[in-house]
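Take a look at the structure set out below.
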Amino acid sequence: MAELLRAARAAVMTPDRPFIQDAAIIHDQGRILEVGTYAALARGFSGPVRDLGEATVAPALINAHSHLEFSGLRGRAPSGRGFAAWVTGLMAAAGRGFDSEAVKSACLELADSGTAFVADTATRNAEAVAGILDDSGLFFVLFVEAVGHGPGRPYPADLLDRAWGRGRAAAAGHALYSTSPEALRRARDQSRRRGLPFSLHLAEHRDEENILLDGSGLFADILRDRGLLKGFVPPGKTPLAYALELGLLDPGVLAVHCVRLSRREVADLARTGASVCLCPRSNAFIGVGRAPWEDLVRAGVNVCLGTDSLASNTDLNLWNEARYLAERFDGPLDLAGALRLVTANPARALGLERDFGSLAPGKRALFSVVPEALSRALGRAA
Ligand SMILES: [Zn+2]
């Protein structure tokens, strides 16, 4: 039976108007039927009404980047000492193996904080993570990550044709220094051929830049010692320049982190139409600096937010990610602008606009409630 949801305000996030005051949403069987003011929709509606009172209701959130397979590493990786120290700590702790209970509770944490869709990345445990995600009630895309130089350890191509009840697989590349150009291009093409998004960690830290420019630095030495740079030839370019040369950036691509970009590179990236996923708390946790958030937004890049994993964040609550950014954003950012980063923009980046990203007829009837703390933080920033 159809239900009418009433709230003091609805962040509908449609391009023509972001908000409706004293709003109503009629939904049935998991889909939104009508959106408007309570006064207009209550007339002629005889079913049950759920009144959220003073709340601002918004579309359910989309977390554009996580690694649920690292959930067991919560609190175990070193914080604030840079990427080389973080990854060394992570490699030492990773010997503990896959912790399915930790992944289950991470999924609960996502759902409890208003997230309905997660773009997760799996390097080793794709099937196990997908099974847990599917059982959790979350919708998802599982980015199966190509990593390694030479023939390496390619994932089975048929994994990309996997679909679960609530999600499906897509291809990702780990990073420009860790994955051969051939493997990156192949993964990109595999996703493109299937009409799926492609994801890549890009320009996350200074060590990545040094490895690509001339193969120097502590992190390069660590990788070399472990045989992980065998066959790698530094292209002598910055991460963005190299990604452009490889033809990896286009509107179907989600570039994750983008901390190390010059102003000119932000403009170059904007021209490709690629989307960017910022992970501000992960970048701060690891100690790699912070992305040029304001330049990316101003340049018109489709910017999304992700929590990254519990190995580099304290929680998977995407509202906390948005609040962290809002409190530090240098310039005007209003509630609609902040909500776009966790609803409409990731829906566009991941090709989910039929089902997610706004409150409009036909979309999934999945909602979140904007926390008071975020509205307060934005009030301060404005
Ligand atoms: Zn990541």
Side-chain angles (χ1 to χ4, degrees), residues 62-74 76-79 82-91 93-94 98 102-103 106 110 115 117-126 129 133 140-148 155 169-179 183-184 187-188 191 197-209 211 219 223 228 239 243 248 253-261 274-291 303-316 318 321 324 346 349-350:
I62 300 169
N63 189 336
H65 187 69
S66 67
H67 299 259
L68 286 166
E69 66 186 357
F70 296 157
S71 297
L73 299 173
R74 184 179 219 151
R76 292 181 184 278
S79 173
F83 197 82
W86 178 78
V87 89
T88 310
L90 195 67
M91 283 169 167
F98 182 70
V103 178
L110 285 165
T115 298
F117 191 102
V118 57
D120 193 59
T121 301
T123 315
R124 291 169 197 277
N125 306 291
V129 171
L133 269 167
F140 62 96
V141 57
L142 194 76
F143 282 116
V144 183
E145 196 168 61
V147 62
Y155 48 78
H174 177 259
L176 297 170
Y177 60 86
S178 60
T179 314
L184 289 169
R188 171 70 199 100
S191 247
F198 171 74
S199 163
L200 173 75
H201 296 108
L202 184 70
E204 181 179 1
H205 46 85
R206 189 193 296 266
D207 300 282
E208 172 185 350
E209 211 168 77
I211 293 173
F219 186 48
L223 292 174
L228 297 174
L248 291 175
V253 173
L254 184 62
V256 181
H257 295 303
C258 293
V259 172
R260 309 278 308 171
L261 293 184
S275 296
V276 166
C277 178
L278 301 173
C279 302
R281 289 191 298 161
S282 169
N283 299 150
F285 184 103
I286 295 174
V288 297
R290 134 296 203 236
V303 176
C304 316
L305 281 185
T307 56
D308 214 343
S309 81
L310 285 170
S312 63
N313 209 337
T314 50
D315 62 67
L316 300 182
L318 201 55
E321 209 67 42
Y324 180 92
L350 299 165

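Order of appearance sets the numbers: ligands from 1, and atoms from 1 within every ligand.
Asp315 has a carboxylate O that lies under 4.0 Å from a charged side-chain N of Arg281, or vice versa, which qualifies the two as a salt bridge.
Its N, O or S atom nearest to the Zn ion (ligand 1) is what matters here, and for His65 that atom is NE2. Residue-level check: among N/O/S atoms of His67, NE2 sits closest to the Zn ion (ligand 1).
Ring geometry for Tyr177 against His174 counts as perpendicular: the plane angle is over 60°, on a 0 to 90° scale with 30° as the lower cut.
Contact annotation: the side chain of Phe219 approaches that of Ile211 to within less than 4.5 Å [non-hydrogen atoms, C-beta and beyond].
With Phe285 as the fixed residue, the side chain to side chain contact (heavy atoms under 4.5 Å, CB included) test singles out one of Pro78, Cys279, Ser79: Ser79.
Among the atoms of Cys279, no N, O or S atom falls under 2.8 Å of the Zn ion (ligand 1).
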